[in-house]
Every structure is written in C-alpha cells, then in structure tokens.
Enquirer: 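Sharing a structure below in structure tokens format, with a few things to ask.
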Amino acid sequence: MKYDFTEIEKKWQKYWDDNKTFKTPDLSSGKNIKPKYYALDMFPYPSGDGLHVGHPEGYTATDIIARYKRMKGFSVIHPMGWDAFGLSTEQYAMKMGIHPKIRTAECVARFKQQLKAIGFSYDWEREINTTDEKYYKWTQWIFLKIFNSYYDEAEGRAKPITELKIPEGLSEREKFDFLNSNRLAYLAEVPVNWCPDLATVLSNEEVPEQVEKGYKVIRRNMKQWNLRITKYADRMLKDLDFLDWPNNIKELQRNWIGRSEGASLKFRIKSTVLKEDKFIEVFTTRPDTIFGATYIILAPEHKLVNEITGAENEERITNYRKTAEIKSDLERTELSKEKTGEFTGAFAVNPVNGAEIPILIADYVLASYGTGAIMGVPGHDERDQEFARKLGLEIVPVVIPQEVKTEEEKRIFTENTKNGEVCFSGEGFAINSGFLDGMSTSEAIEEINSHIEKNGIGKKTVSYKLRDWLFSRQRFWGEPFPIIHFEDGTFKALDESELPLTLPDIDSYKQSGTGESPLATIESWVNTVDKESGRKARRETNTMPQWAGSCWYYLRFLDPHNDKIFCDPEKEKLWMPVDLYIGGSEHSVLHLIYARFWYKILYDLGYVSHTEPFKKLFNQGMILGEDGVKMSKSRGNVINPDDVIREFGADSMRLFEMFMGPLEATKPWSTKGIEGLSRFLNRVWRLVTDENTGLVKSNITNEIPELKEKKLLHKTVKKVTEDIEDGDMKFNTAISYLMVMVNEMYKMEKICRSTIENFIILLSPFSPHICEELWEKLGNKNSIQFVSWPLFEQQYIKEDSVTVVFQVNGKIRAKMEVDYDTAEDVLEDHALYNEKILKLIMGKQIIKVITIKNKMVNIVVK
RNA sequence: GCCGAAAUGGCGGAACUGGUAGACGCACUGGACUCAAAAUCCAGCGGGACUUAAAUCCCGUAAGGGUUCGACUCCCUUUUUCGGCACCA
C-alpha cells in the first residue's frame with residue numbers, strides 16, 4: 001500500500017474530532033496538578049480570499065509546541081477564533097447588497113475548513129467570533145468599564161469613576177463636564193486622520209498602512225471617542241523589560257511610545273492686543289540652552305495664536321493657518337523641507353534673562369506633541385537653525401563642544417554658529433548662559449531645572465510621542481458604542497443590563513455621505529428613548545475600530561460560553577498569561593499595544609490577575625513567492641494551501657514550512673523543496689510498512705536495541721527535544737536530525753520496534769497524521785498525542801571516539817581518530833609524533849602547545 | 001537622517017561558549033534497476049593548483065583592518081539588503 005496521505009489525513013482529522021482529542025483539560029477542579037500551557041495564534045481576519053501559505057506557517061509552529069507540551073505532560077489550551085469585524089467584509093457586503101453577517105459566515109466557514117485540513121490541534125469547542133453578539137456584548141461591557149473609570153495619578157492606576165472626588169459647588173452641567181474630562185474613554189473634538197476614500201477616520205497607528213495602499217489621509221477636526229492610553233505610557237514602557245519578546249519588537253514599541261525627558265518652560269507674552277498677562281508653555285529636552293532661545297514658535301493650531309495676533313498681522317496669520325490646515329501630515333512633512341512661518345506681532349520674555357523675543361507660527365511645530373509650542377534655539381537645533389536662517393533670526397551660541405579648547409577655536413566656533421555654518425546639537429559646556437556658564441550639559445540641565453522650579457517658571461516633565469487612541473470609526477460593521485446622546489448635547493452610557501446593543505438587521509445600507517457612519521441613516525435604530533428618564537435620545541452612530549475585539553479575545557478563549565461575565569476570574573488566574581503567542585510582526589505596534597493597554601485597565605479594575613497578557617511573543621517571517629518577491633494576486637505568484645495539500649498532503653506542507661528555515665526569517669516558497677519533504681515522508685512510510693502487503697515490515701523486530709541503535713535514537717531525542725524546547729523556533733534543524741536518523745535506519749538490516757516507535761513520536765508534532773497512522777499500524781490503540789515524549793539518557797549521548805585535529809600555528813595539518821575523553825597529554829604525544837606534523841615542526845622551536853580535549857592540538861612554532 | 005535585523009556553495013539553510021566551515025534538503029553529475037521512462041536505491045558535489053589516480057597544497061563565510069595559538073563567531077571601519085520611524089523640540 002502506497003502512502004495515501006489524502007485518506008490518512010481525512011481519517012485522523014475525523015478521529016480527532018470524534019474523540020475530542022484536543023479538548024482543553026479542566027483546571028478549575030483543583031484536581032489537575034499538571035502545569036498549564038497556553039499556546040496562542042493571532043486569530044485571523046477571515047477574508048474572502050481564504051488562507052494563503054503564510055497563515056499556516058505560524059500556526060504550524062504553535063501547533064508543534066502545543067502537541068509537544070501535551071506529550072510532556074502539560075495541560076494545554078490551544079484555541080482558534082475569528083477577528084471578523086472589518087472594512088473589507090463591509091465593502092464587499094455593500095457592493096453585493098448582502099448583510100456583512102452573511103458574508104462573514106461564508107468566510108469563516110471557508111477558513112475553518114481550510115484550517116481543519118491542515119490538522120491543527122485546536123480545541124474547536126472554544127471557537128469565538130468577535131462579530132457574534134454574545135462576544136461583542138462583552139467588548140461593549142469592557143468599553144463601559146473603561147468609560148466608567150478614571151486614572152488616579154497618585155496611585156498610578158485606573159479606578160471606577162464613582163471613586164473620583166467631585167469638587168464642591170459645581171452645577172449639574174459642570175459635574176457632567178468634570179466627570180467626562182476624567183473618564184478613560186472620552187469624546188473630544190480633536191484633529192483626526194480623515195481618509196476620504198474609506199470615508200472614515202484612522203488612528204495614528206493605522207495611517208501608514210492606508211497611505212501605502214494609495215489612500216489619501218488628511219487632517220480634520222472631528223468629535224471622536226478617544227481612549228486615554230497615554231496614561232499607561234510609562235507602565236507599558238517599563239513592563240516591556242520583563243517580557244520574553246523579540247528585541248526589535250520591544251524596540252519598536254519603545255520608539256512608538258517615544259518617551260523623552262525634558263522640561264516645560266513658561267514665557268510671558270508681551271502683546272499690544274492682550275489685556276491680561278498670559279504665558280506660553282514650551283517643551284524642551286534641552287532646558288540648558290534657554291539662554292540661546294531667540295524666538296518662540298507656536299503650532300498653527302495653537303489656542304493662543306488668535307489671541308496674540310494683532311490686526312496688522314491677522315491676514316498673513318490667517319492665510320498661513322489655512323494653508324497648514326488643508327495639508328495632510330504627509331504633505332506637511334514632505335513640503336516643509338523648506339521651512340515656513342509667520343510673525344504674530346507679539347513678543348515673549350525669556351524668563352532667565354528678560355530678553356524680548358518674537359513669537360512666530362510655523363507648521364514644523366506639531367500641535368499634538370509636547371505643548372504645541374517650542375523655544376527656538378537655532379544655535380543648537382538643526383531644525384531651528386534652518387528656520388532661523390530662512391527668516392533671518394538671530395543665532396546665539398550657548399553650548400561649546402569639548403573638543404573646542406583654544407581661544408582661537410572658540411572664536412571660530414562662535415563665529416560659525418552665529419552665521420549659521422555650524423550647528424552643534426550634542427553635549428558640551430555652557431557659554432553665554434549667565435549662571436550656567438562653564439557647566440557641562442548634564443550639570444546645566446540639573447541646575448536650570450532646579451532654578452525654574454524654584455522660581456515657578458517651569459518644571460521637569462516627560463513627554464511621549466504616543467497619543468491617545470482614537471477609538472471611533474464611521475463604519476457599520478463594528479461594535480456599536482453603548483452610548484446615547486440627548487438633545488442638550490449631554491450623553492450617557494447604557495446600563496450593563498441593556499447589553500448587547502446589537503447592529504440592526506437591514507437589507508441594504510449606504511454610506512451616509514455626511515462623514516457619519518451608515519448607522520446614522522437607519523432611523524429606527526438611531527432614535528431611542530432613555531430607559532431611566534424617558535427622554536428622547538439618539539444613539540452614538542460611530543462604531544469601534546477593528547482592534548477592539550482582539551484586545552481581549554485571549555481571555556474569552558478561557559471561558560467562551562460564560563454569559564455572566566466576560567471571563568471567570570478563577571479561570572483567568574489559572575490560565576493566564578499566554579505562554580506562547582505567535583503572529584506576524586505587522587501587529588507589533590497596533591494590536592500588541594492596544595491589547596496590553598486593555599489588559600492593564602482590566603488589571604487595575606481587578607478583573608484580571610497579571611500585569612501583562614503575553615509572556616513570550618514570536619513573529620513568524622513572511623513566505624515569499626517562488627520568484628522571491630511578496631506573494632500577490634497581481635504578480636500571480638500566490639500559492640494556495642488547498643492545492644499544496646491536494647498534491648502533497650498537509651503533513652508534507654507542515655513539515656516543509658518548518659524546514660524552510662528559522663521561523664522568523666523571510667523565505668521564498670519552493671515547489672521542489674516541498675517535493676523533498678514529501679519524499680522524506682514516503683521514506684518514513686516505507687521504513688515501517690511493506691508497500692506490497694500494507695503490513696509492518698518484517699525487519700522490525702521486538703529485540704532489545706544494540707548500543708549503536710540506542711545511541712542513534714538518544715542523540716536524535718536530545719537534538720529534537722532541545723530544538724523544540726529552546727524557544728528559538730528553529731525547527732529546520734530538528735527536522736534535519738530526524739532525516740539523519742531515517743538515513744541511518746535505512747542502512748540497518750533490522751530495526752527494533754522501540755526505536756521506530758520513538759522515532760514516530762518525535763516526528764508526530766510536525767507531521768501528526770502519518771504518525772498516527774503508523775502508530776496504529778504498529779499495534780497501538782490510543783492516539784499518539786497521549787504518549788509521553790521520550791527522554792534521553794546521557795550515557796547514550798557521548799561518542800565512543802572522536803576525530804581530533806592537529807594544527808601547526810593554527811592551520812589544520814592532520815587528523816586522528818581517538819577514544820572519547822583521551823587525556824590531553826596523550827593527545828599531545830599523538831600530535832608531536834604524527835608524521836606530517838613532525839615534518840612541519842622539524843628544526844623549529846616549539847613555543848607552546850594548546851590542547852583541547854576531544855577537539856584539537858595546536859602546536860605553535862617559530 | 002535615526003533605530004533595529006541581516007549578508008555563509010548554483011539555491012534554502014547548518015555550525016555548541018572563539019576550536020574540523022558548508023549538517024540536512026533542493027538542484028546538478030555518475031552508476032544500479034528497467035525494453036524505456038517515472039519512482040526508488042547507491043555514490044559524488046565550495047573554488048583553484050598539481051596528478052593517470054591516490055595523495056598533497058593554496059584560496060574561501062559581503063569588503064578592509066584589528067585582537068588571538070586559533071575568528072563565520074569578538075572589536076573597529078565600509079558596502080549592500082530587509083524591516084520600522086521620520087520635523088517628536
């Protein structure tokens with residue numbers, strides 16, 4: 001009987017289903033003393049295209065670990081689900097005039113069938129779908145928890161809003177505003193990234209992807225929901241240190257959070273149009289250069305611009321702001337390689353030396369970072385210098401590099417800085433800086449910081465690049481916000497008992513055309529009445545972004561059918577954190593920042609018991625087309641896993657994808673390559689079964705293996721175990737050891753049953769179907785999944801003999817086979833009496849001899 | 001520009017902590033089996049010199065330099081590729 005992978009794979013997939021082989025053990029009984037292991041894949045967005053070969057790569061790796069851990073005696077949870085809200089389903093549904101729910105169901109069915117055909121060991125009873133009402137009820141519920149919380153700065157954690165102290169003597173409306181200004185979810189008129197092509201806003205994190213696709217993204221002020229993720233910036237940064245994540249991902253997140261230490265400084269405004277004293281606050285990382293500040297710049301959107309602009313400057317300022325406004329961020333950065341700006345007519349007073357310096361606006365200053373205003377220090381900041389030269393502003397040198405020592409050098413440096421030929425932005429020593437003169441940069445920063453705090457003109461602060469998370473989208477196919485708005489402009493959250501707030505079932509719907517979500521056009525859904533007061537209200541028509549559902553799905557897997565709470569805290573405590581999380585690196589800043597953020601809020605509120613959700617993270621690399629470039633429909637180089645499975649079987653595909661190289665590497669597909677792995681599995685098949693009779697081959701005996709055979713097995717056990725265990729996800733080497741063992745077994749006249757059985761166990765996490773089949777053929781009853789992983793014994797690992805090399809001056813000149821652990825002095829004698837070595841060292845002086853047991857002898861001569 | 005990762009045969013990739021570079025697979029070459037082919041099995045396979053052959057020698061891990069008895073591995077400089085960020089004050 002030939003190796004009929006199609007039949008075998010079908011048979012075992014059915015067996016696993018029927019016998020619930022991969023059912024998650026119940027930990028909560030307390031009876032289970034086995035350690036837990038949570039192996040998680042990033043759940044897919046079920047698109048209409050179905051799986052591509054890139055999907056199974058990471059999934060196979062996780063599956064290997066999950067199967068291995070079960071055999072190692074762990075209680076394993078290995079679930080799968082669907083991240084099914086999203087734009088592409090909505091767009092398809094809109095085009096075809098069907099409800100996205102129907103389209104989603106179609107896509108899910110296809111994905112599921114494809115995943116099952118690869119033989120992953122998922123516990124399908126825990127399948128979840130973010131678009132299921134029973135699921136998004138809890139997404140909405142968590143949103144309510146976030147909405148009803150504030151961040152206690154003193155304790156550094158989120159707390160229920162009911163614990164927030166409301167100042168005395170506020171009117172009802174003021175109380176309402178006060179609470180809302182403290183909530184972790186808040187509605188605000190903010191400059192957003194509006195994408196006209198998609199008719200929706202995008203978060204900062206999402207912009208690059210859409211721009212790459214050729215969509216336009218512009219700045220626009222809109223009233224939107226935001227989540228106060230910035231409150232968690234510091235904790236998210238610090239906790240990164242303890243995670244077993246790839247360094248580049250940690251670095252990416254650190255950059256994204258973008259912490260910088262500095263100071264905020266207050267400059268008094270001197271303006272003819274301003275009646276009362278006002279201050280401009282600037283943020284700088286170099287407060288020590290304050291004596292070199294020769295002007296102040298406000299972002300064009302800065303609140304004070306209107307107030308300080310005099311009539312004679314108004315036209316120019318207004319025009320400049322208008323031009324800046326319509327530019328997208330991208331245009332703003334690209335076009336302003338030539339810096340531009342306008343004088344407001346007002347001046348500011350430098351708090352340390354009383355100098356009056358002009359206030360300008362320029363679009364190279366961003367409203368959304370720091371305080372939206374800077375002090376221009378053109379002597380020591382390249383951007384400021386470029387701007388100052390363009391507009392002819394004064395440049396004052398205030399820091400001198402250490403290398404500049406002599407008076408003559410100092411004169412030249414000062415001269416060149418003033419005329420704009422030199423811009424030194426590094427650390428050095430303060431000059432022209434009053435009481436800071438002569439101090440090193442770090443001393444000067446410390447001194448100025450205490451000076452400004454003492455005199456109330458500023459304070460040490462920390463600034464982040466991370467912005468609050470823009471959390472609403474103008475879409476239909478997303479979680480509706482459990483919020484209603486009243487006619488007076490106030491709003492309130494629904495009660496938990498009113499959840500889920502479901503999406504309306506409608507035949508067709510269109511974009512509203514006004515920049516609102518399609519939900520706004522569905523009168524019967526939008527108009528409602530407040531259950532408590534009976535007041536007329538209008539539902540929030542925005543929906544949550546796609547990332548909402550994936551922020552907490554790993555928790556729902558632990559308790560997927562619970563309708564009392566999103567996840568039983570007991571179960572959370574037992575199963576979390578995720579021990580291994582595999583997915584693509586494209587999620588390193590989006591999903592992984594958002595999910596950590598939600599988990600931390602839930603932690604603060606007492607619903608979960610750990611501070612981080614994902615202990616170990618691993619990113620699989622991309623699989624390129626056979627031509628070495630990214631797979632894409634337009635290139636026609638897409639490999640469909642269905643075709644691969646039909647031709648070679650799922651086991652060959654799994655094995656090949658792992659054999660291609662280290663998991664994190666980007667590597668091209670190769671049809672010839674998978675043929676090689678298919679050949680290997682055929683060799684394994686014929687090693688065990690007689691192709692004519694279909695029975696176990698007659699040279700497989702029940703004898704006790706000889707030492708040589710034992711050594712072969714134990715060495716393979718050691719290498720495969722270590723490769724799976726060490727966490728590098730380099731399964732290519734594990735597979736190559738299995739190949740070596742097969743090659744060796746082919747050379748043997750007879751093989752002991754125990755040897756071949758152990759080999760099959762070692763191969764089974766990689767290619768489970770064929771191994772189950774052979775396991776059964778060898779007369780075993782239960783699934784191979786329930787067998788213990790073999791152990792290796794040190795006594796069978798060590799070699800009998802080794803080849804030792806003899807070197808002269810570091811060059812290999814001879815080799816010799818010696819007993820393992822031959823003493824060093826014996827090795828030396830061997831080397832010194834070796835014919836070839838003798839010839840080379842004859843008549844020369846031996847300076848020293850370096851000997852390493854079992855490795856080499858190096859004779860150094862002159 | 002900044003940050004990060006990487007560069008090894010014709011190709012994908014191995015090489016523990018500095019100690020035999022090229023495991024394993026693909027491709028290729030030769031042989032066996034066959035009427036023939038496919039499949040399968042066996043053998044060879046970094047480059048070069050010399051040689052009938054064996055043997056021997058030289059070069060070789062992006063490039064150049066350094067440390068060391070010894071470097072794919074450590075240090076410095078450069079180049080290239082990939083990923084990310086990009087006026088973040």
Side-chain angles (χ1 to χ4, degrees), chain A residues 2 208 246-256 258-260 262 282-286 289 297 329-330 332-334 336-337 339 362-366 368-377 380-384 386-387 425 463-467 585-586 588-589 619 621-622 628 655-656 659-662 664-677 679-680 682-683 686 691 719 722 730 732-740 742-743 746-747 802-815 836 847-861:
Chain A
K2 275 189 68 190
N247 278 326
N248 61 320
I249 301 298
K250 288 196 194 182
E251 207 48 43
L252 237 55
Q253 290 215 351
R254 284 192 194 108
N255 290 341
W256 191 263
R259 183 181 200 271
S260 48
V282 302
F283 175 75
T284 176
T285 52
R286 291 291 299 271
T289 61
I297 306 182
D329 263 10
L330 198 75
R332 230 154 120 161
T333 45
E334 267 181 359
S336 37
K337 281 188 177 133
K339 288 193 169 39
D363 67 2
Y364 82 90
V365 174
L366 307 173
S368 46
Y369 181 75
T371 58
I374 62 156
M375 62 176 191
V377 185
H380 305 285
D381 182 289
E382 276 162 32
R383 295 153 302 176
D384 293 345
E386 193 193 327
F387 185 72
S425 57
S463 199
Y464 299 93
K465 272 164 72 177
L466 183 75
R467 312 285 149 76
S585 56
E586 66 273 22
S588 29
V589 285
N619 297 120
M622 216 189 336
L655 207 55
F656 172 61
F659 187 70
M660 288 164 76
E664 79 269 19
T666 301
K667 54 238 152 187
W669 184 262
S670 157
T671 302
K672 284 288 175 195
I674 191 167
E675 278 173 18
L677 275 296
R679 207 171 293 155
F680 168 69
N682 270 292
R683 267 166 78 79
R686 291 194 311 268
E691 284 206 285
K719 285 174 168 172
E722 286 174 354
K730 288 185 176 171
N732 52 331
T733 49
I735 294 165
S736 80
Y737 301 137
L738 291 168
M739 289 172 167
V740 171
V742 169
N743 291 344
Y746 261 90
K747 288 178 195 156
V802 283
T803 308
V804 170
V805 299
F806 299 147
Q807 302 178 342
V808 176
N809 289 344
K811 289 203 170 191
I812 296 159
R813 297 299 177 178
K815 295 179 187 183
K836 284 182 204 156
I847 295 168
K848 67 173 154 177
V849 178
I850 298 138
T851 308
I852 306 213
K853 223 191 221 178
N854 299 325
K855 298 263 186 204
M856 42 79 62
V857 178
N858 186 12
I859 300 159
V860 185
V861 295

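Residue numbers start from 1 in every chain, and the chains themselves are labelled A, B, ... in the order their sequence lines are given, proteins ahead of strands.
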Enquirer: Any non-hydrogen side-chain atom of A:Y364 less than 4.5 Å from a side-chain atom of A:D384?
Expert: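 They are in side-chain contact.
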
Enquirer: Nearest to the side chain of A:R686, heavy atoms from C-beta on, is which of B:G19, B:U40, B:C69?
Expert: B:U40

Enquirer: Using a 4.0 Å heavy-atom cut-off across all strands, classify A:N743 as base, sugar-phosphate, or nothing.
Expert: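 The answer is sugar-phosphate, as A:N743 gets under 4.0 Å only of primed atoms, P, OP1 or OP2.
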
Enquirer: Starting the side chain at C-beta, find the nucleotide from B:C3, B:U56, B:C57 nearest to A:N255.
Expert: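 Ranking B:C3, B:U56, B:C57 by closest atom to the A:N255 side chain puts B:C3 first.
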
Enquirer: Mind checking A:G258 for me? I need base, sugar-phosphate or nothing, with any heavy atom below 4.0 Å counting as a touch.
Expert: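 Touches nothing.
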
Enquirer: Would you indicate what A:Q807 reaches in the nucleic acid, counting non-hydrogen atoms under 4.0 angstrom: base, sugar-phosphate, or nothing?
Expert: base

Enquirer: Tell me what A:M856 touches on the nucleic acid: a base, only sugar-phosphate, or nothing, going by heavy atoms under 4.0 Å.
Expert: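 Base, at least one base heavy atom under 4.0 Å.
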
Enquirer: Scan A:P662 against the nucleic acid and name what it touches under 4.0 Å (heavy atoms): base, sugar-phosphate only, or nothing.
Expert: sugar-phosphate

Enquirer: Nearest to the side chain of A:I812, heavy atoms from C-beta on, is which of B:G19, B:A89, B:A21?
Expert: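 Nearest listed nucleotide: B:A21.
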
Enquirer: Taking OP1 and OP2 of B:C24, is either one under 4.0 Å from a side-chain nitrogen or oxygen of A:R679?
Expert: no

Enquirer: Please measure how far the P atom in B:C74 lies from the corresponding atom in B:G84, and state the result in whole Å.
Expert: 26 Å

Enquirer: Tell me the partner of B:G4, counting only Watson-Crick (N1-N3 plus N6-O4 or O6-N4) or G-U wobble (N1-O2 and O6-N3) with both under 3.5 Å; none if nothing fits.
Expert: B:C82

Enquirer: For A:E586, look at atom CD and say whether over 12 heavy atoms of other residues, nucleotides or ligands are found less than 6.0 Å away.
Expert: yes

Enquirer: Let me know the distance between CZ of A:R259 and P of B:C85, rounded to the nearest Å.
Expert: 22 Å

Enquirer: Contact class for A:K672 vs. all strands (heavy atom < 4.0 Å): base, sugar-phosphate, or nothing?
Expert: sugar-phosphate

Enquirer: Given side chain to side chain contact (heavy atoms under 4.5 Å, CB included), test A:R286 with A:V377 step by step and report yes or no.
Expert: CA-CA 9 Å; A:R286 291 291 299 271; A:V377 185; over 6 Å; no

Enquirer: Using the P atoms only, state how far B:G46 lies from B:C24, rounded to an integer number of Å.
Expert: 12 Å

Enquirer: Give me the distance, rounded to whole Å, that separates B:C11 from B:G1 when you measure between the C1' atoms they each carry.
Expert: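 Rounded to whole Å, the distance is 36 Å.
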
Enquirer: Select base, sugar-phosphate, or nothing to describe what A:I374 touches, counting heavy atoms under 4.0 Å on all strands.
Expert: base

Enquirer: Is the shortest side-chain N/O distance from A:S585 to OP1 or OP2 of B:G83 below 4.0 Å?
Expert: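 No, because none of the side-chain N or O atoms of A:S585 sits under 4.0 Å from OP1 or OP2 of B:G83.
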
Enquirer: Counting C-beta onward and ignoring hydrogens, is there a side-chain heavy-atom pair between A:R467 and A:Y369 closer than 4.5 Å?
Expert: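 Touching, per the 4.5 Å side-chain cut-off.
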
Enquirer: Answer yes or no: is there a donor N or O on one side and an acceptor on the other, between the side chain of A:N809 and the main chain of A:V861, under 3.5 Å?
Expert: yes

Enquirer: Of the listed nucleotides (B:G12, B:C3, B:C16), which one gets closest to any side-chain atom of A:E251?
Expert: B:C3

Enquirer: Answer with base, sugar-phosphate or nothing: what part of the nucleic acid does A:S368 contact at a heavy-atom distance below 4.0 Å?
Expert: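 Nothing, no heavy atom under 4.0 Å.
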
Enquirer: The side chain of A:Y369 is closest to which nucleotide in this list: B:A89, B:C85, B:A27?
Expert: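 The closest nucleotide is B:A89.
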
Enquirer: Remember a base hit wins even if backbone is also touched, and classify A:T285 as base, sugar-phosphate or nothing at under 4.0 Å, heavy atoms.
Expert: sugar-phosphate

Enquirer: Any strand counts, and the cut-off is 3.5 Å on both contacts for Watson-Crick or G-U wobble. Which nucleotide pairs with B:U56?
Expert: B:A49

Enquirer: With respect to the side chain of A:V740, which nucleotide from B:C26, B:C24, B:U20 is positioned closest?
Expert: B:C24

Enquirer: Hey, does A:N619 have a side-chain heavy atom less than 4.5 Å from the side chain of A:P246?
Expert: yes

Enquirer: For B:A23, what is the paired nucleotide under Watson-Crick or G-U wobble rules, both distances under 3.5 Å?
Expert: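 By the stated definition (distances under 3.5 Å), nothing pairs with B:A23.
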
Enquirer: Which is true for A:R254 with a 4.0 Å heavy-atom rule: it touches a base, it touches only sugar-phosphate, or it touches nothing?
Expert: nothing

Enquirer: Taking only the side-chain heavy atoms of A:P668 (C-beta and beyond), determine which of B:A89, B:G12, B:A14 contains the nearest atom.
Expert: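 Looking only at side-chain atoms, A:P668 lies closest to B:G12.
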
Enquirer: Looking only at side-chain atoms of A:K855, point me to the closest of B:U20, B:C16, B:C69.
Expert: B:C16

Enquirer: Among B:A89, B:C85, B:A15, find the nucleotide with the atom closest to the side chain of A:T733.
Expert: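 Closest of the options to the side chain of A:T733: B:A15.
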
Enquirer: Hey, which of these two, A:G673 or A:K836, hits RNA chain B nearer its 5' end, going by closest nucleotide?
Expert: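 By nearest-heavy-atom nucleotide position, the 5'-most residue is A:G673.
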
Enquirer: Using heavy-atom distances to pick each residue's nearest nucleotide on RNA chain B, tell me which of A:S736 and A:R286 is more 5'.
Expert: A:S736

Enquirer: Would B:G4 be called syn or anti, given that syn covers angles within 90° of 0?
Expert: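 Base orientation relative to the sugar is anti.
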
Enquirer: Report which part of the nucleic acid A:R813 touches: base, sugar-phosphate, or nothing (heavy-atom distance under 4.0 Å, all strands).
Expert: sugar-phosphate

Enquirer: Using the C1' atom on both, measure B:A54 against B:A32 and round to a whole Å.
Expert: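 After rounding to an integer number of Å, I get 25 Å for this pair.
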
Enquirer: For A:V742 and A:Y746, run side chain to side chain contact (heavy atoms under 4.5 Å, CB included): C-alpha distance rounded to whole Å, both residues' side-chain angles, the deciding distance at 0.1 Å, then the answer.
Expert: CA-CA 6 Å; A:V742 169; A:Y746 261 90; 3.7 Å; yes

Enquirer: Quick one, A:T733 and A:Y737 - any side-chain contact, counting heavy atoms below 4.5 Å?
Expert: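 A side-chain contact exists here, since the closest heavy-atom pair is under 4.5 Å.
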
Enquirer: Does B:C69 have its OP1 or OP2 closer than 4.0 Å to a side-chain nitrogen or oxygen of A:K848?
Expert: yes

Enquirer: Out of B:U20, B:G13, B:G19, which has the shortest distance to the side chain of A:I852?
Expert: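 Closest of the options to the side chain of A:I852: B:G19.
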
Enquirer: Base, sugar-phosphate, or nothing: which does A:K719 touch, judged by heavy atoms less than 4.0 Å apart?
Expert: nothing

Enquirer: Give A:N858 one of three labels, base, sugar-phosphate or nothing, depending on what nucleic acid heavy atoms sit under 4.0 Å from its own.
Expert: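 Counting heavy atoms under 4.0 Å across all strands, the contact made by A:N858 includes a base.
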
Enquirer: I'd like the C1' distance from B:C28 over to B:U51, given in whole Å.
Expert: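 Comparing C1' positions in B:U51 and B:C28 gives a spacing of 25 Å.
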
